[in-house]
Amino acid sequence: MKVFGITGLPGSGKSIISRIAKNEGIHIISMGDVVRDEALRLKCSSGEAAVKLRKKYGNNVVADRCVAEIKNYSRNNRNENTSTKIYKTYNKGKNNKKRYRKIEQDIFIIEGIRSPYEVSYFKKHFKNFKIIAIHSNPNERFNRIRRRKRSDDTQSFSKFLERDKRELKFGIGDVIATADYMLINEGPIPKFKNNVKVLITNEIKPKINKKYKGKNKNKSKNKNKNKQNRRRVKSKNKHKQYNKQRNRNKRNKQ
């Protein structure tokens, strides 16, 4: 199982990564959805619901629900949304030949991590848990929020800044500062999408280069053939040299 987390202030572009990753067969867990569901139940804003949840159940309440969802999903859907990874193994009994072992892995992305407590909680449950941070300036983020018009978004810049301050109180600044990967989302969206695809291909869901693997196999076979041929040629040459020397010795005796 491979688990990654996405962090970033509101409007930075977290949902873009989630959409692209989902198209690549990666399962997305949204911490924001957990908070929004709680907001609907309590009939308040998502910001207020996030504060109330953490006050009532502790700092890891949203993270705990995400961990439970991931484990349940992985248990019930073992053959879906998997990535094949190849590992080299060595068999000592057969001239140390390289062999390949396929391993199927579930890949998950948790969207909307806000605090260092959540990061440490996820690291306890998932080995090699890594954070992807997205940075974008406040003006660009505010314009995106105005365009998307989600239920918990605001059209007021002052309220937008208040929301940023509330997020920073959770410790999101520390999470961004200590992230494993950093993506800048400023400028053309297609450029950012391309950077996201590169990150997914190279780090999150590496593709197997079967062609390269096949070439290596052919090379090893050809090398063995060439070695055998060289040995044969050597033995023939030695045989010819021996015959020539023998003939010379006979002539000298005569």
Heavy-atom nearest pair, E140 first then N137, reads N-OD1, 2.9 Å
Of all the heavy-atom pairs spanning E111 and S18, show the shortest one and how long it is. OE1-OG, 2.5 Å
Check against salt bridge (charged side-chain N to carboxylate O under 4.0 Å, His left out), E162 and K165: CA-CA 5 Å; E162 282 177 16; K165 286 177 184 177; over 6 Å; no
Quick check: is I145 connected to F192 through a chain of hydrophobic side chains (ILVMFWY, heavy atoms under 4.5 Å apart)? no
Judged by atom type as modelled, is there a donor-acceptor pair below 3.5 Å linking the side chain of D106 to the main-chain atoms of M1? no
What's the spacing between K130 NZ and I109 CD1 if we round to 0.5 Å? 13.0 Å
Would you say N194's side chain and P190's backbone share a donor-acceptor pair under 3.5 angstrom? no
Through direct or indirect side-chain contacts below 4.5 angstrom among Ile, Leu, Val, Met, Phe, Trp and Tyr, which residues connect to F170? V51
Describe, in one word, how the ring planes of H27 and F108 are oriented to each other, choosing from parallel (under 30°), tilted (30 to 60°) and perpendicular (over 60°). perpendicular
Just so I know, are the side chains of N185 and S12 near enough to count as touching, which here means a heavy-atom distance under 4.5 Å? no
Residues 51-64 vs salt bridge (Lys or Arg N to Asp or Glu O under 4.0 Å), sequence neighbours excluded, gives R54-E118
For the residue pair F160 and F142, does the interplanar ring angle fall in the parallel (under 30°), tilted (30 to 60°) or perpendicular (over 60°) class? tilted
Does the plane of the ring in F126 sit parallel, tilted or perpendicular to the ring in F122? Use 30° and 60° as the thresholds. parallel
